[in-house]
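In what follows, every chain begins at residue 1, and chains take the letters A, B, ... in the order their sequences are listed.
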Amino acid sequence: MGVLSEKTVKKIVEVQKKYPTKRSAVLPSLYLAQEDQGYVTKEAMAEIARLLSVPPVQVYESATFYTMYNKKPVGRNHIQVCTNLSCSLLGAEHIVEYISKKIGVKVGGTTQDNRFTLKTVECLGSCGTAPMMQVNDDYHENLTEEKIDKILDSLD
Amino acid sequence: MAEKVLFKNVEDPKQYLIETSLKKGGYETLKKALGMTPDEVIDEVKASGVRGRGGAGFPTGLKWSFIPKFSEKAKYVCCNADEGEPGTFKDRVIIENDPHLLLEGICIAGYAIGATAGYIYIRGEFAFGAKRLEGAIAEAYKKGLLGKDIFGKGFDFDIYVHRGAGAYICGEETALIDSIEGKRGMPRIKPPFPALAGLYDGPTIVNNVETLSAIPYIVRNGGKAFGSIGPEKSPGTKIFNVSGHVEKPGSYELPMGTPLREIIYEHAGGIKGGRKLKAVIPGGASTPVLTPDEIDVHMDFDSVAAIGSMMGSGAIIVMDETACIVKSVLRLAQFFAHESCGKCSPCREGCTWMVDIIKDIEEGRGKEGDVDFLVSVSEGIFGNTFCPLGDGASMMVSGAINKFRDEFEYHIKNKKCMSAS
């Protein structure tokens, strides 16, 4: 038996229809596995390889090449602060420091209650509304300390 | 003020819905295109003079005409929605607010080159944009505007969304193709160019979101109408993204060739807090920085190239007198080192070397001769890589040293920043 839920397996079978080759479904399948398990485990990679009939290394190499696949568990709220130039000019470093102090973990860390993971990332294409961060799938822009307090306090 | 080609409807909060789009003439140009021959469509795009909005500025009509008429393999349109160049946030505006404009452009491109399907490669972080596109595609299928026998003209075409997963390199067209094929995004050696052997080895065009979104205007109004906006060799409107130290950062659609000074001081409201301008990056992180005495340049491909930089994606990053050039260059060099795919050594090793040297200078460990050393590493990358990522990193670093060498030397001598006094 595999590690992925029946629903996820179905979706992986379904997503292959978008492409003429099975290997093309590697990236969407990795997203589906991540959604299912919170991060991409080696067991999930192996299962994707079986489902797509591709060599396991082809799944592994893509899973490790692309940064959005979490190879380790992350907290329920994955905070990613952009620190590229436009955000940095408008105080991204201070934003990172502020969040780090507020939730009590360093960049790269996860709070003990598994509520937050804090990371810094490259440009997220939101430079006109800098500084900004992404929490899970959602963008939060024009950040201030007050705004961060509100956002983080509202998260489960 | 020229007519808006791209942003005409982006402020309507319901524009993303197909009903709104159809009321305003959405997909009518697709119908018109299907009544023309594919060659007539390509000729119109050629006549418009539109050049690729992703940054390279290659003539779009010419790119399309490279696609062989007869091919045993299926042909494809790839829409580059990877939008990763730091400072760029224009495609997102179209994707989120007027996705049907883009879909119509992709369909017309597909018809013109005889493609069977289009893939929109959207950067993974744009989860909302991907959802918007999926929703718009589903609506278009329901209305029969995608799928089989569109408008009863015998044209079959499908569009799929493919999400990237956090790799800047996938904005490079051959890396993008590899990424759709499920592989690591690593640039291929050219030739063969995608026009001959691209996605799944079939003839493929890869065009930016902004380019494809201009196609409905061009086919509806004629290439001449588009070509009459802006300079003759760089025609049309362009979305400029202004970020950094300005009062009103944002996306502005303006005629190509609008002076940089006007964009910064009129459209973006001038420098934040009335401070003094120090430097401007004119076209995204890869483009050499400009000084305040250069901002009368007209923002089009040729004029910016003539002063030794690039208009790139039109991403203008403004730095005022409080910004440290060395720190800013370090930040961008770190970006390139992080995003280098690792395929070729000048980029993989060179970008890391540049970070190490700039970091030493920035953190007060710089030694005499470091700036020359940095220049030599940068020159060792330029022109020696598979793709333009390394060139971009090199141009950014060399450009900053050309214009602001004194700031680097000051850091080395005084172990601190000029602007921190």
Side-chain angles (χ1 to χ4, degrees), chain A residues 15-32 34-35 40 48 52 54 57-70 80 82-90 92-93 120-132 134 136-139 141-142, chain B residues 74 83-92 117 119 123-129 131 158 160-168 170 179-186 200 241-245 248-251 272 281 285 315 317-320 322-323 327-328 331-332 334-335 338-339 341-342:
Chain A
V15 82
Q16 295 178 47
K17 292 182 187 161
K18 282 165 67 172
Y19 309 99
T21 68
K22 286 175 180 285
R23 189 175 182 182
S24 273
V26 168
L27 267 63
S29 300
L30 285 166
Y31 273 124
L32 290 167
Q34 178 153 296
E35 230 171 74
V40 183
I48 290 169
L52 302 182
V54 298
V57 67
Q58 291 184 354
V59 179
Y60 183 76
E61 66 171 38
S62 284
T64 50
F65 180 81
Y66 295 97
T67 54
M68 282 180 65
Y69 300 122
N70 304 315
Q80 303 184 79
C82 171
T83 58
N84 207 300
L85 186 55
S86 300
C87 281
S88 155
L89 289 171
L90 295 178
E93 282 159 28
T120 57
V121 290
E122 292 299 349
C123 186
L124 291 174
S126 193
C127 324
T129 41
M132 65 81 64
Q134 183 177 18
N136 299 337
D137 276 350
D138 299 322
Y139 275 26
E141 304 170 304
N142 295 312
Chain B
E83 187 141 82
E85 183 71 21
T88 316
F89 47 98
K90 61 187 178 66
D91 299 337
R92 199 183 140 200
Y119 286 91
R123 62 177 299 175
E125 294 88 344
F126 287 175
F128 177 70
K131 270 188 205 138
D158 294 303
Y160 306 101
V161 175
H162 184 89
R163 287 178 72 198
Y168 167 72
C170 293
S179 188
I180 297 178
E181 292 180 357
K183 303 168 189 167
R184 290 174 287 163
M186 285 189 165
Y200 308 118
N241 289 147
V242 194
S243 67
H245 294 142
K248 290 192 295 177
S251 285
K272 218 174 162 67
I281 295 174
I317 306 175
V318 177
M319 292 181 256
D320 72 21
T322 62
K327 190 179 162 195
S328 302
R331 189 60 198 83
L332 293 180
Q334 285 168 327
F335 165 76
H338 180 261
E339 298 297 341
C341 78

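- Considering all non-hydrogen atoms of both residues, B:Ser243 and A:Gly128 come closest at CB-N, 4.3 Å.
- Classification of B:Lys327 and A:Glu93 as a salt-bridged pair holds, one side-chain N sitting under 4.0 Å from a carboxylate O.
- A donor-acceptor pair under 3.5 Å is absent between the side-chain atoms of A:Tyr19 and the main chain of B:Ile180, judged by distance alone.
- In this structure, A:Pro28 and B:His162 have side chains that are in contact, with non-hydrogen atoms separated by less than 4.5 Å.
- Between the CG atom of A:Leu89 and the OG1 atom of B:Thr322 there is a distance of 7.5 Å, given to the nearest 0.5 Å.
- Among all heavy-atom pairs drawn from B:His338 and A:Thr67, the shortest one is CE1-CG2, 4.2 Å.
- Taking chain A as the reference chain and counting heavy-atom pairs below 4.5 Å, the highest number among B:Phe128, B:Phe126, B:Tyr168 is found for B:Phe126.
- With chain A as the partner, the residue from B:Arg184, B:Glu85, B:Lys248 showing the most heavy-atom pairs under 4.5 Å is B:Arg184.
- With a threshold of 4.5 angstrom between heavy atoms, B:Ala127 approaches chain A through side-chain atoms but not through N, CA, C or O.
- Heavy-atom pairs under 4.5 Å with chain A peak, among B:Gly166, B:Gly250, B:Ala323, at B:Gly166.
- Residue B:Tyr200 qualifies as enclosed at atom OH: its count of foreign heavy atoms under 6.0 Å is above 12.
- When A:Leu27, A:Asp138, A:Thr129 are compared by the number of non-hydrogen pairs under 4.5 Å with chain B, A:Leu27 comes out ahead.
- Between A:Leu85 and B:Met319, the shortest heavy-atom distance links the atoms CD2-CE, 4.4 Å.
- Contacts between B:Thr88 and chain A at a heavy-atom distance below 4.5 Å involve the backbone alone (N, CA, C, O).
- Inter-residue side-chain proximity for B:Ser179 and A:Tyr66 is flagged as met; some heavy-atom pair is nearer than 4.5 Å.
- Among the candidates B:Ala165, B:Ala117, B:Cys341, B:Gly185, the residue making the largest number of heavy-atom pairs closer than 4.5 Å to chain A is B:Ala165.
- Interface residue A:Thr83: backbone and side-chain heavy atoms are both found under 4.5 Å from chain B.
- Here the side chains of A:Arg23 and B:Glu181 are not in contact, with every heavy-atom distance at 4.5 Å or above.
- Looking only at distances, no side-chain donor or acceptor of B:Arg331 sits under 3.5 Å from a matching main-chain atom of A:Ser88.
- Proximity to chain A is limited to the side chain of B:Lys272, based on heavy atoms less than 4.5 angstrom apart.
- Among B:Glu339, B:Glu83, B:His245, the residue with the largest count of heavy-atom pairs under 4.5 Å with chain A is B:His245.
- You'll find the side chain of A:Asp137 stays beyond 4.5 Å of the side chain of B:Glu125, heavy atoms only.
- Only the side chain of B:Cys170 comes within contact range of chain A, with heavy atoms under 4.5 Å apart.
- If you tally non-hydrogen atom pairs under 4.5 Å between each of A:Gln80, A:Gln134, A:Lys22 and chain B, the highest count goes to A:Gln134.
- Across all their heavy atoms, B:Ala167 and A:Phe65 have their closest contact at CB-CE2, 4.1 Å.
- Summarising the geometry of B:Gly87 relative to A:Ser86, their closest heavy-atom pair is CA-OG, 4.2 Å, with the distance given to 0.1 Å.
- With a threshold of 4.5 angstrom between heavy atoms, B:Tyr119 approaches chain A through side-chain atoms but not through N, CA, C or O.
- Closest heavy-atom contact between B:Phe89 and A:Gly125: CB-O, 3.2 Å.
- At a threshold of 4.5 Å between non-hydrogen side-chain atoms, the residues A:Leu124 and B:Arg123 count as touching.
- Within the 4.5 angstrom heavy-atom criterion, atoms from both the backbone and the side chain of A:Glu61 approach chain B.
- The shortest distance between side-chain heavy atoms of A:Met68 and B:Arg163 falls below 4.5 Å.
- The choice from B:Ser328, B:Gly342, B:Ala285 that makes the most heavy-atom pairs within less than 4.5 Å of chain A is B:Ser328.
- A distance-only check finds a donor-acceptor pair linking the side chain of A:Lys18 to the backbone of B:Val161 [under 3.5 Å].
- At a 4.5 Å heavy-atom cutoff, the contact between A:Val121 and chain B is made by backbone atoms alone.
- At a 4.5 Å heavy-atom cutoff, the contact between B:Phe335 and chain A is made by backbone and side-chain atoms alike.
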